[in-house]
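Below is one structure, written out as structure tokens, with a few remarks after it.
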There are 2 protein chains.
Amino acid sequence: MTLPRKAPTMADVARLAGVSPMTVSRAFKHDASVSDATREAILKAADDLGYVFDSTASNLRSQRTNFVAVTIPSINNANFADTVRGLSEGLKARGLQILLGTTDYDIFEEERLIEQLLRRRPEAIVVTGGQHTPRARRMLENAGIPVIETWDLPPSPIGHVVGFSNAAAVRAMVDHFVARGLTRIAFIGGDADRDTRGTDRRAGFIAAMQTHGLDATRLIAAGVPPISMREGADAMGRLLDTLPDTEAVICVSDLSAFGALTECQRRGVEVPGRISIAGFGDYEIGAISVPTLTTINPFPREIGAQTAALILKVLDGEQAEPATLSILPRLLPRQSSR
Amino acid sequence: MTLPRKAPTMADVARLAGVSPMTVSRAFKHDASVSDATREAILKAADDLGYVFDSTASNLRSQRTNFVAVTIPSINNANFADTVRGLSEGLKARGLQILLGTTDYDIFEEERLIEQLLRRRPEAIVVTGGQHTPRARRMLENAGIPVIETWDLPPSPIGHVVGFSNAAAVRAMVDHFVARGLTRIAFIGGDADRDTRGTDRRAGFIAAMQTHGLDATRLIAAGVPPISMREGADAMGRLLDTLPDTEAVICVSDLSAFGALTECQRRGVEVPGRISIAGFGDYEIGAISVPTLTTINPFPREIGAQTAALILKVLDGEQAEPATLSILPRLLPRQSSR
DNA sequence: ACAGGTCTTGTTATCGATAACATAAACGGG
DNA sequence: CCCGTTTATGTTATCGATAACAAGACCTGT
């Protein structure tokens, strides 16, 4: 195999091509002015040497990393993955690369992560949610780069926002059920305040129920977020055991809603005949399960795409003021609710 | 707001704390020898100035980035997400951060991605699969860092391997069905060769069927990978239309298997009564659907964890020779098959 | 009390690309 | 044909942390 000789630098390439290192540097940028013949000779020399461009040096000298830092609660969540995909696609054309970190639904972990990410000197930072530790908030405020909070509409944003109101979305779902004559409605969600979006959804449920003058105490705590199918099934079991006259249940996500649905199937409880079920997030499962699941689509990919577009505008100096882009989630009535 | 004054450097912190920049540098590393009093004064000065450590400079001078580059086909896949999680957790303790990129199941995109990643000078690189373009392979071979191929057992590995045989896993599934007296077995998978793991699974299916002297032509092409629930459902529809006497079907993943299951439910085809269904990947859906799905668990998180452990060993010089860690997937017979 | 060791801190040069400035060559319109 | 402009390339200094080397202060046991 290849001997572990030192990796070639631009200077080596320059020497072989008979030009100055600066010209090599220019040849590696797409817009720079280098004659075709020179560029070709340089690329050939680089190829012969097996030269690989060293961003670490470029990053330091140019004070540009082409990183956009992104924090999400979990990589194992199709909604956040979609947002990252939208972001990634929108940024790729400009050579911006995503530096991804997960917080595990924990704002203290988020604080540590933000510090790690800022050390890498990203061009911008995208965080999920609007709730942060005071220190994390301070770091973001002083970072000197565009900050975008997503998946939420924080009362006092740090910088830009691309999000939606989780509470309002669930309110729409409650209204949907009430309009169909369902009044004994329950909510299945995580029991801790770790998942702030889940907490907002529960709060939206309670507020909406009270607005309608309905009992807002049918709250089933399904465990520590992220709650998934299994937890949703268990929670539905408890709901059916303790409050068997419940007519409808809103779950914090489609995953828990599907779990709840399967529990009904195992017990022979008809959906939507005896109980209506709704989820959140428009995961693929809800579109294909039997019955299909009533849900809310918050357009996660769109959040990512709009965030990417916003970042480009800000970096181009076309957007000086902090922007708040509000996404309107869409309620999707399906077979699991009447 | 804060004026956009230049960000403070170590030199600024050093001046304020009354020490040399080198001492500040040491104070920021955990193992370095700095007296408690000095470190405290330095951290206080850093805090007062709002200093944020600049890795770009550190990366260049120390020739260490603390990055581990990772390529996966898609971020939107719970199996790969699990591998990334295992990796991330195993590397975090050592301060190694993951630099993640997605190939979209395309080896040419992988080539571009690998080049981008190597420019960032990672300490090691983890790629999914063992099939690469010649140039990608060359870049990996010459990168001068540990290379780990995962989720596969390539015939001629570039460096280290942490994987399993997709073909052998599916063979076990075929054997499982045959042992139960099922012989008219179909396979639902992607129609392109983009997803090499899917292709290996189909090849394993064909080989196993032939070993048993059975008809290996019941192959349903479900579309361009990644194929998901919808494609699985459509493919099952076509299978039931064209080969209604099929007794069992093996799907390339649990997602398509679940889609197939729902299609049966919509058509009133009993599972496993009239047809048995198996998936791949042990996604949560298969453990909770009604009926639960027979599947194969390839331990994706374990792949990540073992890869992380291997990287640490190699970086510590405790593992000089290329290692091949073979994971043994487990067949999980469940309700969807007899 | 002193040689040899450890602990703490400082000095200098450097990692590799590129921003900023400079300049020679080619071009182009009147 | 000349001068202003564009194009192609070179020179020098620099981004900010830290490796490598050096050295004084502080022990510690005999």
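Each chain gets a letter, A, B and so on, in the order its sequence line appears, and its residues count up from 1.
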- [ ] Any ring pair (Phe, Tyr, Trp, His ring centres under 6.0 Å) involving residues 16-49 of chain A? Give me the pairs, sequence neighbours left out, ordered by first then second residue.
- [x] A:F28-A:Y51
Open item on the list: Does anything in residues 52-93 of chain A form a ring pair (Phe, Tyr, Trp, His ring centres under 6.0 Å)? List the pairs, not counting sequence neighbours.
Closed with: A:F67-B:F67, A:F80-A:W151
Open item on the list: Generate the contact string for nucleotides 9-17 of chain D. Rules: B means base contact, S means sugar-phosphate contact only, - means no protein heavy atom under 4.0 Å.
Closed with: BBB-BBBBB
Open item on the list: Holding to salt bridge (charged side-chain N to carboxylate O under 4.0 Å, His left out), I want the full list of residues that pass it with B:K313, two or more places apart in sequence or in another chain.
Closed with: none
Open item on the list: Suppose the criterion is ring pair (Phe, Tyr, Trp, His ring centres under 6.0 Å): which pairs have a residue in residues 90-131 of chain B, not counting sequence neighbours?
Closed with: none
Without placing hydrogens or testing angles, list every side-chain donor-acceptor pair under 3.5 Å for residues 110-118 of chain A, not counting sequence neighbours.
{"residue": "A:E110", "atom": "OE1", "partner": "A:H132", "partner atom": "ND1", "Å": "2.9"}
{"residue": "A:E110", "atom": "OE2", "partner": "A:H132", "partner atom": "ND1", "Å": "3.2"}
{"residue": "A:E111", "atom": "OE1", "partner": "A:T133", "partner atom": "OG1", "Å": "2.7"}
{"residue": "A:E111", "atom": "OE2", "partner": "A:R135", "partner atom": "NE", "Å": "2.8"}
{"residue": "A:R112", "atom": "NE", "partner": "A:E109", "partner atom": "OE1", "Å": "3.1"}
{"residue": "A:R112", "atom": "NH2", "partner": "A:E109", "partner atom": "OE1", "Å": "2.7"}
{"residue": "A:E115", "atom": "OE1", "partner": "A:R135", "partner atom": "NH2", "Å": "2.8"}

